[in-house]
Amino acid sequence: MKNTGLIVVTLLMLCFSCKEEKKEEVSEKQERPNIVFIMSDDHAYQAISAYGKGLNNTPNIDRIAKEGALFNRGFVTNSICAPSRAVLLTGKHSFVNGKVDNVSPFDWEQDNFAKALQKSGYQTAMIGKIHLDGLPQGFDYSNVLPGQGLYYSPEFIENGVKKTYPGYITQVTTDIALDWLENKREKDKPFLMMYHQKAPHRTWMPEIKYLTLMDSITFDPPANFFDNYERRPAAAKQEMSIFEDMDVVYDLKMLDKEGEIETKYRKYFQKKYDRMTEEQKVAWDAYYDPIIADFKSKNLQGKELAKWKYNRYMHDYLRTVQSVDDGVGEVLDYLKANGLEENTIVVYTSDQGFYLGEHGWFDKRFMYEESFRTPLLVKYPKEIKPGTVINELVQNIDFAPTFLDYAGIDISKDIQGESFRKLVKGEASEWRNAIYYTYYEFPGEHHVKRHHGVRTDRYKLIHFYYDIDQWELYDLEKDPSEMHNLYNDPAYVSVQEDMHKQLENMRTKYGDNDALDKQNLEHYLEVVKE
Ligand code: SGN
Ligand code: CA
């Protein structure tokens, strides 16, 4: 009897521990966080209300910072689209992953973090702008834009098959994302969703519902809008000036029916306009026609014209941002309504920053703050305290290792970024004190010269090269707008020396050198010649 009792008890215990094990296994699986990586294109941090510039309201993007963390020093390694996306996927600098500019090919065969997540049991999706040729690898589902994408009646490539969707691109991209979350993924697996908007990329065509948004507001240009580029010859030679280079039809929508406003790029904008439905065109014209008439009647010149252009630009740019913000709201609401909020990491960022009139510019590419920086907001209720503010230097090479870290996957040694998981949790005791930058796409659109440089918390050293040999040094604490090049200033001799050392250290650390620069240059010149 005694023995039987013991056997029963032992069996019961065994059974119990068996159940416990199962429970743990399940809960461990559930604990692997989902990742929603939201990236927009050319979204300046200045146009996110959480950053406090006061230009616009982005309540949904702001929610990410309110419920999680706002990064004040988020940077890219190379301020241009396709290279930025290659860095994001690989965790490696451009000169290592090979995608140094928008024209060189991207090698999808190399490792990327989505492949690693997929291999470890994640469901993975890539939706929206990708700007890397070829079928995305590492994704169970992809529905991406060919090239830059189109604002109205956009084309997408769904798992390799091209189709056109009716409607407005930002909403279509959001709908595809929500459809994947709701109907396409395997719901028992953790997931990674890359949800990448085209907006607010040029040519800033707003959604019909936002045509009149902020219409009554006149924006004052930034203090350095009429910059004279003194002691900055590379900055003086770009072609990204709002006044000089913005096309009043192509960029600023002055497509008059009479065809009197003839500009270089008018015919390209006509094509974009023609993609709208009759109904959309009626609403579009009702808004723009009076502005066109007014513009014609005024015949603005000089500074008045520059300010007019700046305002036209800001209105359309900020309207396209509003649709992006709506999409973020829809995705956040979906996660909440479906019990996914607690265990999902949500990141909001852009492929780089953008100029909203600083130095008189639009576009990006330069290592100056507005384009070198990128917005970065992250929430993860399980680990990140609401209202966290991060001031350390974080860069887009850090995304891949961070996500691998959260997913519990080994970070391979050749990844160059660092996981910021501990940093954002408030645990990192040590963090880097300098970051490295490279830009290659010259000669090319917008005419920004090749350069590389280093930035520390306070200083920045830039070297422009190729058809120029120019150094720039900035004290960001005293001169946050980078108007005073301090290179060879006697008061900064030791800073300059130290920054040169830092630059050499960076190039050694990441494996960059003159031979690589030369190789990339030769390849680029070959491709652009064709
Ligand atoms: C297009 C734009 C440029 C922009 C590049 C790169 N011209 O060529 O203004 O700098 O993309 O942007 S457009 O007439 O086609 O709009 S990136 O974000 O893809 O790198
Ligand atoms: Ca971009």
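Heavy-atom basis, side chains included; hydrogens, waters and symmetry copies ignored. All ligand and atom numbering here is 1-based and tracks the order in the structure. From a predicted model like this one, the values you see are computed outputs, not experimental measurements.
Ion pairing between a basic and an acidic side chain is recognised when a charged N comes within 4.0 Å of a carboxylate O; Glu260 and Lys296 show such pairing. With salt bridges taken as basic N to acidic carboxylate O contacts below 4.0 Å, one links Arg312 and Asp316. Salt-bridge check for Asp351 with Lys129: failed, with every basic side-chain N at 4.0 Å or more from each acidic carboxylate O. The residues Lys309 and Asp245 are annotated as not salt-bridged, no charged nitrogen and carboxylate oxygen being separated by less than 4.0 angstrom. Look at Asp256 and Arg266 and you find a salt bridge, because one of the NZ, NE, NH1 or NH2 atoms lies within 4.0 Å of a carboxylate O, short of that distance. Salt-bridge formation is detected for the pair Asp227/Arg232: a Lys NZ or Arg NE/NH1/NH2 atom is positioned less than 4.0 Å from an Asp or Glu carboxylate oxygen. Classification of Lys209 and Asp326 as a salt-bridged pair holds, one side-chain N sitting under 4.0 Å from a carboxylate O.
The contact shell of ligand 1, taken as protein residues with any non-hydrogen atom closer than 4.0 angstrom, comprises Asp41, Asp42, Ile80, Cys81, Asn102, Lys129, His131, Gln148, His201, Arg202, Tyr250, Asp351, Gln352, Asp363, Lys364, Arg365, Glu445, His446.
When the N, O or S atoms of Asp351 are ranked by distance to the Ca ion (ligand 2), OD2 comes first. Take the N/O/S atoms of Asp41: the one nearest the Ca ion (ligand 2) is OD1. Restricting Asp42 to its N, O or S atoms, the one at the least distance from the Ca ion (ligand 2) is OD1.
Phe403 and Phe113 have tilted rings, their planes meeting at an angle from 30° to 60° on a 0 to 90° scale.
At a cut-off of 3.0 Å, Ser350 does not coordinate the Ca ion (ligand 2) through any N, O or S atom.
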